[in-house]
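The model shown is predicted, which means the values in this text are computed figures rather than measured ones.
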Amino acid sequence: MLPTLVPIGALLAGIALLLLGSGLLNTVVSLRGNLEGFSDTTLGLIGSTYFLGFFLGTFVAPKLIRRMGHIRAFAFFGATVATCILLHAIVVHAWFWMGLRVLTGMSLVGFYAVIESWLNDQTAPERRGQVFAAYMIVNLAALAGAQQLLRLDTPASFTLFAVAAMFVCLSLLPVTMTRFPQPQIATRVRLRLRMTWRAAPAAYVGALSSGLSMGAFWSLTPVYGERLGLDDAGIGLLMTAAIVGGALLQWPMGRFSDAGDRRLALSFAAFGAALAAGAVALFGHVEHVPLAGLFLYGGMAFAVYPIVVAHLVDHLPQDQILAGNTTVLFLHGVGAAAGPGIAGALMGWVGTIALPLHLGLAFVPLGLFALVLSRRSEDEIVEGAAQFTPMMRTSHTVLEMVSPENAESVAEAAEASGAAEAAGATAEAEPVAEDVIQPAPDPGALLKPPPSSAPTTGTAESRPAG
């Protein structure tokens with residue numbers, strides 16, 4: 001494992017430093033806004049604008065990377081994020097902060113796309129699964145560690161903003177000094193909303209529910225902790241508990257989803273997250289209940305998105321998986337952009353208890369819908385069952401890191417495409433939208449078994465419901 005990670009250590013160090021800074025900023029913005037007297041609705045909208053920027057960045061960032069190149073784009077995004085962080089402390093105004101959050105979200109997607117496409121390009125196909133696992137561990141560890149930086153000073157001071165900006169600036173050093181050749185970054189494919197709904201309606205609803213809940217969690221949980229009377233260290237511990245729970249419980253949830261009907265696993269995770277959040281809402285005033293409740297909530301809620309991806313892959317042929325995963329990212333982004341605004345408005349109307357209620361209720365429709373579907377029909381699988389892979393929603397590029405079965409065909413397609421361009425070959429074809437790449441890597445193929453073990457095309461197998 002170590003020989004595999006050492007060559008890409010600069011890239012992993014870069015993303016770790018970046019997430020220490022951005023993870024700290026996300027928490028500090030909520031706490032400082034609360035100290036400045038921003039209403040709950042306003043704080044929710046500030047959270048929503050960040051995820052709106054994240055959503056918009058999935059369309060804008062790849063174009064900027066192709067225009068500038070990976071290193072210059074990484075430096076560009078880093079300068080943008082560092083500037084935005086410092087401006088939060090200099091100009092304290094809700095609408096100005098909303099604009100800064102949009103820019104920050106867009107830039108962070110660019111960071112993810114640069115690192116993930118580079119990791120994919122620099123890793124041998126047979127090692128991508130290990131690298132992907134290490135990358136997810138680095139993500140979660142950095143986000144958890146960022147919460148402990150709240151102990152350095154109060155959010156009312158300039159210190160935490162400065163520390164966050166310093167980490168973002170430091171993240172540029174290992175990446176800009178690398179001598180790795182710059183890879184190609186794949187473009188987004190056309191969305192297929194209707195196709196995704198028809199193929200896997202539980203995945204469709206799951207992506208929306210996950211976005212609605214997780215967007216509010218990242219944006220407003222620090223405010224909830226402050227309203228409970230926790231100090232900065234306690235708030236950091238509260239956030240860390242949820243992240244650690246999400247890291248530890250994804251594995252058993254993944255094994256559960258692989259062993260039976262994934263719709264039952266989605267229902268179990270959704271109801272588990274709802275019950276944990278409900279316990280926090282009802283007994284949040286009791287010592288240690290918020291910590292335990294958010295640990296369980298994180299364990300269930302963080303598992304929903306990777307189960308959604310695996311369930312979708314179960315129900316799509318290979319040539320449609322890329323479009324399906326792009327659609328899932330889109331739906332999750334829509335939910336994450338709406339969730340903080342909805343939760344903030346509810347907190348302003350009902351009170352602090354509204355946040356854990358929102359976190360739980362956002363998953364109730366998924367739990368009921370997936371349970372009903374599992375009772376009404378067999379879980380039919382197209383071209384072989386997928387394998388659960390723990391993951392977080394970052395950019396669409398991340399799924400390419402774990403598609404070793406498809407790497408050879410992608411390389412051959414790229415060579416054929418390059419030869420055609422060199423020869424100036426032209427051919428008639430159907431019109432293709434600007435954001436469609438043909439041929440494209442199949443990020444969902446990472447979850448599929450090798451073609452030799454898949455059923456014959458045109459057949460389906462049923463997964464036992466239990």
### Query
Using 30° and 60° as the class limits, which term best fits the ring planes of Y297 and F217: parallel, tilted or perpendicular?
tilted
Side chain of [X], backbone of [Y]: donor and acceptor closer than 3.5 Å?
X: H358; Y: L212; value: yes
X: S210; Y: V304; value: no
X: Q147; Y: L143; value: yes
X: R227; Y: T352; value: no
X: S171; Y: V168; value: yes
X: S219; Y: G44; value: no

Given [options], the one that forms side-chain contact (heavy atoms from CB on, under 4.5 Å) with [X]:
X: C84; options: T104, L25, V102; value: T104
X: W197; options: T327, L331, V205; value: V205
X: L316; options: L312, D314, V313; value: L312

#### Entry: ring pair (Phe, Tyr, Trp, His ring centres under 6.0 Å) evaluation trace for W97 with F38
CA-CA 11 Å; W97 276 20; F38 294 167; 5.5 Å; yes
### Task
Please identify each residue that fulfils side-chain contact (heavy atoms from CB on, under 4.5 Å) with V289, with sequence neighbours left out.
F283, V286
Validation row: [X], [Y] side chains within 4.5 angstrom (heavy atoms):
X: Y305; Y: M214; result: no
X: L52; Y: R101; result: no
X: L150; Y: I235; result: yes
X: Y50; Y: V29; result: no
X: L108; Y: L18; result: yes
X: L11; Y: Y135; result: no
X: N139; Y: Y112; result: yes
X: F77; Y: L172; result: no

### Query
In terms of heavy-atom contacts, does CZ of F268 have more than 12 from other residues, nucleotides or ligands at under 6.0 Å?
no
### Message
Going by the rule ring-ring contact (aromatic ring centres under 6.0 Å, His included), which residues pair with F271 if we only count those two or more places apart in sequence or in a different chain?
### Response
none
### Task
Can you see which heavy atom on P340 is nearest to which on F51, and at what distance?
CG-CD1, 4.1 Å
Roughly how far, to the nearest 0.5 Å, is the [atom2] atom of [Y] from the [atom1] atom of [X]?
X: I65; Y: R67; atom1: CD1; atom2: CZ; result: 13.5 Å
X: L373; Y: L368; atom1: CG; atom2: CG; result: 11.0 Å
X: I15; Y: L20; atom1: CD1; atom2: CG; result: 10.5 Å
X: D40; Y: L355; atom1: CG; atom2: CG; result: 9.5 Å
X: L346; Y: I353; atom1: CG; atom2: CD1; result: 12.0 Å
X: R375; Y: R263; atom1: CZ; atom2: CZ; result: 10.5 Å

List the atom pairs, donor and acceptor, that lie under 3.5 Å between side-chain atoms in residues 236-244 and the rest of the protein, sequence neighbours left out.
from	atom 1	to	atom 2	distance (Å)
T240	OG1	A144	O	3.4
T240	OG1	Q148	NE2	2.7
T240	OG1	G236	O	2.8

### Message
Going by side chain to side chain donor-acceptor pair (under 3.5 Å), R262 matches just one of S374, S267, S257. Which one?
### Response
S257
### Query
For F330, which of Y204, F54, F59, F55 qualifies under ring pair (Phe, Tyr, Trp, His ring centres under 6.0 Å)?
F55
